[in-house]
Structure formats: C-alpha cells, structure tokens
Amino acid sequence: MKRKDSLTPAFVLAGSIITAAWLLYKRRPRDRIVSQESLEDPEVSKAFDRIARMPQMRLLRWYAIKRALKLIDHGQAVDLGCGPGLLVVEMAQQAADLHVTGIDLSDEMLLQAGGYAHRTGLEEQVSFRKGDAANIPFPDHGLDLVVSTLSLHHWRD
C-alpha cells in the first residue's frame, strides 16, 4: 500500500505538466509567421549546412533521391528550398541525364550551394536560382520532377 501512495504525487505532477502544456498549445498563434531574414546570416547558413550533413539527413536525402529517380532519371528537375545544395548535387551525381536546379530564397544558401557544386565539378549538370516555392521560376510544364525536403516550415502557405 505504501508504494501506491508514493506514486500518487508523481502522477499528479505528470498530469499537471501535460495539462499546462496542452493549455499553452491551444493558446498558440494560428497564423504562420515565416521569416527568411535569419537565413541570410552566414553563421545560420553554416549551421544549416552542418545539420544537413548529419547522418540522419544523409539517409533522408538517399531515400528522397531513390524515390525521385524511380519516377524520372532524365530531363529537368528542381529542388525547392535547396539550402546548401546537397540534394541537388547528390541527385545529379546519380542521374547523369538529369539537370537539377536548386531554388532557394536565401542568397547566402545559394552561395554555399554554388560553391558545393563547383567543388564537386557538377556545374554543367546543376544550377541554382533565387526563387520562392509559391512561384517556381519555370514555365508551366517545364519540369519533369519537383522535389523538396526540409523546407516546408519556411513556406508561407
């Protein structure tokens, strides 16, 4: 009987924490506030690059590329929110007949992506453009494949 009494405060505390968290969650703003300013900071861009190179992110890119190349392995592809360009370059490395363009809002990210493409020698097969996922800078029916990973949280809609 003593053990049951000693667990009661722990359950009350856990229940209180869960209730408080739920109340805070319900009070959160419903409108998305998207900010791109921090992505122009070179230190933030370097942090994104470090995160993108982590093993779990490599696994995510491998899976996304594997799935994408089952759909199409030639023509024109675009990666929306390409960040440091890792997916763009890795996809191009695996599909010689596919030209891959990375689209990003951040000039700093595009600068990093272009540098990465240059270091890998794939400048002819990849390109990078400033643009918004809501208004892809390509004509209708001008792309064979569109991919995006890890950028949805930056999109306004």
Side-chain angles (χ1 to χ4, degrees), residues 1-72 76-92 94 100-117 126-157:
M1 189 73 156
K2 188 167 182 110
R3 180 169 165 87
K4 183 178 179 185
D5 291 337
S6 66
L7 291 178
T8 301
F11 284 120
V12 169
L13 179 62
S16 298
I17 291 171
I18 291 169
T19 301
W22 176 251
L23 291 173
L24 284 172
Y25 175 77
K26 284 177 52 176
R27 289 180 37 193
R28 76 193 185 288
R30 298 291 194 250
D31 294 334
R32 294 191 66 196
I33 301 169
V34 180
S35 172
Q36 299 297 329
E37 291 83 22
S38 64
L39 295 179
E40 293 303 335
D41 181 337
E43 290 303 313
V44 172
S45 293
K46 287 177 187 173
F48 267 79
D49 186 50
R50 281 192 304 275
I51 291 167
R53 292 176 187 277
M54 290 179 168
Q56 63 270 33
M57 300 303 155
R58 285 185 182 147
L59 180 62
L60 175 68
R61 281 193 308 279
W62 171 83
Y63 183 73
I65 292 167
K66 179 181 172 184
R67 295 288 307 257
L69 294 181
K70 281 185 178 181
L71 298 172
I72 188 112
Q76 295 287 327
V78 68
D79 176 16
L80 300 177
C82 67
L86 301 178
L87 184 114
V88 171
V89 169
E90 290 170 18
M91 187 178 295
Q94 294 184 38
V100 188
T101 302
I103 304 294
D104 207 285
L105 286 173
S106 167
D107 290 325
E108 186 64 33
M109 289 294 200
L110 292 170
L111 185 64
Q112 280 190 14
Y116 180 54
V126 303
S127 58
F128 297 95
R129 289 187 188 179
K130 187 169 185 166
D132 189 344
N135 189 16
I136 302 172
F138 285 92
D140 289 346
H141 310 290
L143 295 167
D144 301 299
L145 178 68
V146 177
V147 297
S148 183
T149 60
L150 305 173
S151 68
L152 182 64
H153 58 282
H154 292 291
W155 300 2
R156 204 167 286 289
D157 183 11

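Here the structure is a predicted model, which means the values were calculated and not measured.
Note that the CD atom of Glu108 and the NZ atom of Lys46 stand 8.0 Å from one another [nearest 0.5 Å]. The line from CD1 of Ile51 to CD of Gln56 is 9.5 Å long, rounded to the nearest 0.5 Å. Distance CG/Asp107 to CD/Gln112: 12.0 Å, rounded to 0.5 Å. We find the CG-CZ distance between Leu110 and Arg129 to be 11.5 Å, quoted to the nearest 0.5 Å. The structure places CG of Leu60 at 11.5 Å from CG of Leu86, a figure rounded to the nearest 0.5 Å. Atom NZ of Lys130 and atom CG of Leu105 lie 7.0 Å apart (nearest 0.5 Å).
Here the side chains of Lys66 and Trp62 are in contact, with some heavy-atom distance below 4.5 Å. Using a 4.5 Å heavy-atom cutoff, the side chains of Asp49 and Tyr116 are not in contact.
Residues satisfying the side chain to side chain contact (heavy atoms under 4.5 Å, CB included) test with Ala113, not counting sequence neighbours, are Phe128. For Ser127, the side-chain hydrogen bond (donor to acceptor under 3.5 Å, both in side chains) partners two or more places apart in sequence, or in a different chain, are Thr101.
Closest heavy-atom contact between Ala133 and Leu80: CB-CD1, 4.1 Å. The two residues Ser148 and Asp79 have their closest heavy-atom pair at CA-OD1, 3.7 Å. In terms of heavy-atom proximity, Cys82 sits nearest to Val88 at CB-CG2, 4.0 Å. Met91 and Leu69 make their closest contact through CG-CD2, 4.0 Å (heavy atoms, listed as atom of the first residue, atom of the second, distance). Heavy atoms only, all atoms of each residue included: Arg61 and Ala52 are closest at NH1-O, 2.5 Å. When every heavy atom of Val89 is checked against every heavy atom of Ala117, the shortest pair comes out as CG2-CA, 4.0 Å.
Checked against Gln76 for a side chain to side chain contact (heavy atoms under 4.5 Å, CB included), the options Leu143, Val100, Leu145, Val146 give a single hit: Leu143.
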